[in-house]
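Written out below as structure tokens is the structure these notes cover.
Please read these numbers as outputs of a predicted model, since none were measured by experiment. Just the heavy atoms: all of them, side chains too, but no hydrogens, waters or symmetry mates, feed the values below.
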Amino acid sequence: MPEPVTLAEARAHCRVLSTDEDALFDGFIIAAREWVENFTGHILVQREVTQRLSCFRHPRLFAWPIADDATVTATYVDSDGATQPLTGARLIFGNGWAELATAFGSAWPISYGPATITVEAGYATADDVPQSMKQAILLLVGTYYAQRESVSTAEMKEVPHAVDSLLRPYRLVWI
């Protein structure tokens, strides 16, 4: 899936007409999207996410959104040290979270080691990404473009307060 913000949108936001710095803008867009993902817990570009767990107790997934029909695969290390598939694993969805559950009528393995869960997560298309997240990406790109150097005699600015305000409603809190 392409980035939620296009190169043309980023250039327009920064009022840059030239294509000379397109590679720079591509990097800023990716960095800003990653910042938004880390801040909110939302995966903006759909991809396969793998999470490793030390046990199956409350196996909550730290990737959102996950489609209702997403396929989940899980493996665990048995008492002999061999990797085994967890058959029949399914997802239970809450408000902004998903948890791995066993097939109906079955239980977690009694003796096991580390587990791995893999699922496709993220928004299906760039159009599905909330507009306020896209706007936050543009604000971050603008900040990165204005402050391209790590050392400068100019005053360095923090992440704009507007970015926090735009993203705060989407921030997932893991309890």
Side-chain angles (χ1 to χ4, degrees), residues 1-53 59-75 89 91-100 116-152 154-175:
M1 183 181 107
E3 293 292 332
V5 169
T6 67
L7 181 59
E9 290 169 327
R11 264 197 264 116
H13 176 77
C14 294
R15 295 188 177 107
V16 173
L17 300 176
S18 168
T19 60
D20 294 346
E21 298 178 302
D22 281 0
L24 184 67
F25 274 104
D26 285 338
F28 289 159
I29 291 167
I30 292 168
R33 187 241 320 141
E34 289 172 345
W35 193 96
V36 169
E37 287 178 337
N38 288 329
F39 183 84
T40 64
H42 287 245
I43 306 294
L44 303 187
V45 175
Q46 196 170 59
R47 60 186 174 271
E48 193 172 82
V49 176
T50 299
Q51 184 173 326
R52 287 168 181 69
L53 307 168
R60 190 166 282 186
L61 301 178
F62 298 106
W64 192 258
I66 299 172
D68 292 338
D69 61 350
T71 301
V72 61
T73 57
T75 61
L91 294 172
I92 299 171
F93 293 94
N95 186 15
W97 58 268
E99 189 170 287
L100 187 69
T116 302
I117 302 168
T118 302
V119 67
E120 186 82 13
Y123 290 95
T125 69
D127 290 338
D128 294 334
V129 176
Q131 184 59 39
S132 54
M133 289 185 178
K134 293 179 187 180
Q135 191 60 44
I137 290 171
L138 289 172
L139 289 171
L140 287 168
V141 167
T143 300
Y144 299 160
Y145 183 71
Q147 299 178 187
R148 291 187 292 277
E149 305 299 328
S150 62
V151 177
S152 174
E155 178 185 352
M156 299 299 281
K157 306 267 193 241
E158 291 183 25
V159 172
H161 175 70
V163 171
D164 185 84
S165 297
L166 288 165
L167 297 177
R168 182 74 52 191
Y170 297 98
R171 194 161 194 187
L172 298 175
V173 178
W174 308 104
I175 299 173

Would you name the heavy atoms of [X] and [Y] that are closest together and state the gap between them?
X	Y	result
Leu167	Ser132	CD2-O, 4.4 Å
Met133	Val129	CB-CG1, 4.0 Å
Ala121	Ile43	O-CG2, 3.8 Å
Glu9	Thr6	OE1-N, 2.7 Å
Ile137	Pro4	CD1-CG, 4.0 Å
Phe39	Asp164	CZ-OD1, 3.2 Å

Practice task
Tell me, with the steps shown, if Tyr145 and His13 meet side chain to side chain contact (heavy atoms under 4.5 Å, CB included).
Solution key: CA-CA 10 Å; Tyr145 183 71; His13 176 77; over 6 Å; no

Just by modelled atom types, is the [Y] backbone N or O under 3.5 Å from a matching donor or acceptor in the [X] side chain?
X	Y	value
Glu21	Arg11	no
Glu37	Leu44	yes
Thr19	Asp22	no
Asn38	Trp35	no

Handout entry: Student check: side-chain heavy atoms of Leu140 and Arg33 closer than 4.5 Å
Key =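 Leu140 does not reach Arg33 side chain to side chain.
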
Handout entry: Over 12 foreign heavy atoms within 6.0 Å of CD1, Ile92
Key =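 Enclosed: over 12 neighbouring heavy atoms sit under 6.0 Å from CD1 of Ile92.
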
Distance in Å, [X] [atom1] paired with [Y] [atom2], rounded so as to fall on 0.5 Å steps:
X	Y	atom1	atom2	result
Ile117	Arg52	CD1	CZ	11.0 Å
Leu53	Leu100	CG	CG	8.0 Å
Ile66	Leu61	CD1	CG	5.0 Å

Handout entry: Worked verdict on Thr143 versus Val163 for side chain to side chain contact (heavy atoms under 4.5 Å, CB included)
Key = CA-CA 11 Å; Thr143 300; Val163 171; over 6 Å; no

Exercise for the section: Quick one: do His42 and Val36 satisfy side chain to side chain contact (heavy atoms under 4.5 Å, CB included)? Show the steps, please. Expected result: CA-CA 8 Å; His42 287 245; Val36 169; over 6 Å; no

Practice task
Please say which of Thr75, Thr71, Val72, Thr73 ends up in a side-chain contact (heavy atoms from CB on, under 4.5 Å) with Thr118.
Solution key: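 Option passing the side-chain contact (heavy atoms from CB on, under 4.5 Å) with Thr118: Thr73.
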
Problem - Qualifying residue for side-chain contact (heavy atoms from CB on, under 4.5 Å) with Val141, from Val5, Ile30, Ile29 - result: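 Running side-chain contact (heavy atoms from CB on, under 4.5 Å) over Val5, Ile30, Ile29 with Val141 returns exactly one hit, Ile29.
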
Problem - Aromatic ring pairing Phe25/Phe28, orientation class (parallel under 30°, perpendicular over 60°, tilted between) - result: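 Correct class here is perpendicular.
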
Practice task
Test Phe62 against Val49 for side chain to side chain contact (heavy atoms under 4.5 Å, CB included), laying out the working first.
Solution key: CA-CA 9 Å; Phe62 298 106; Val49 176; over 6 Å; no

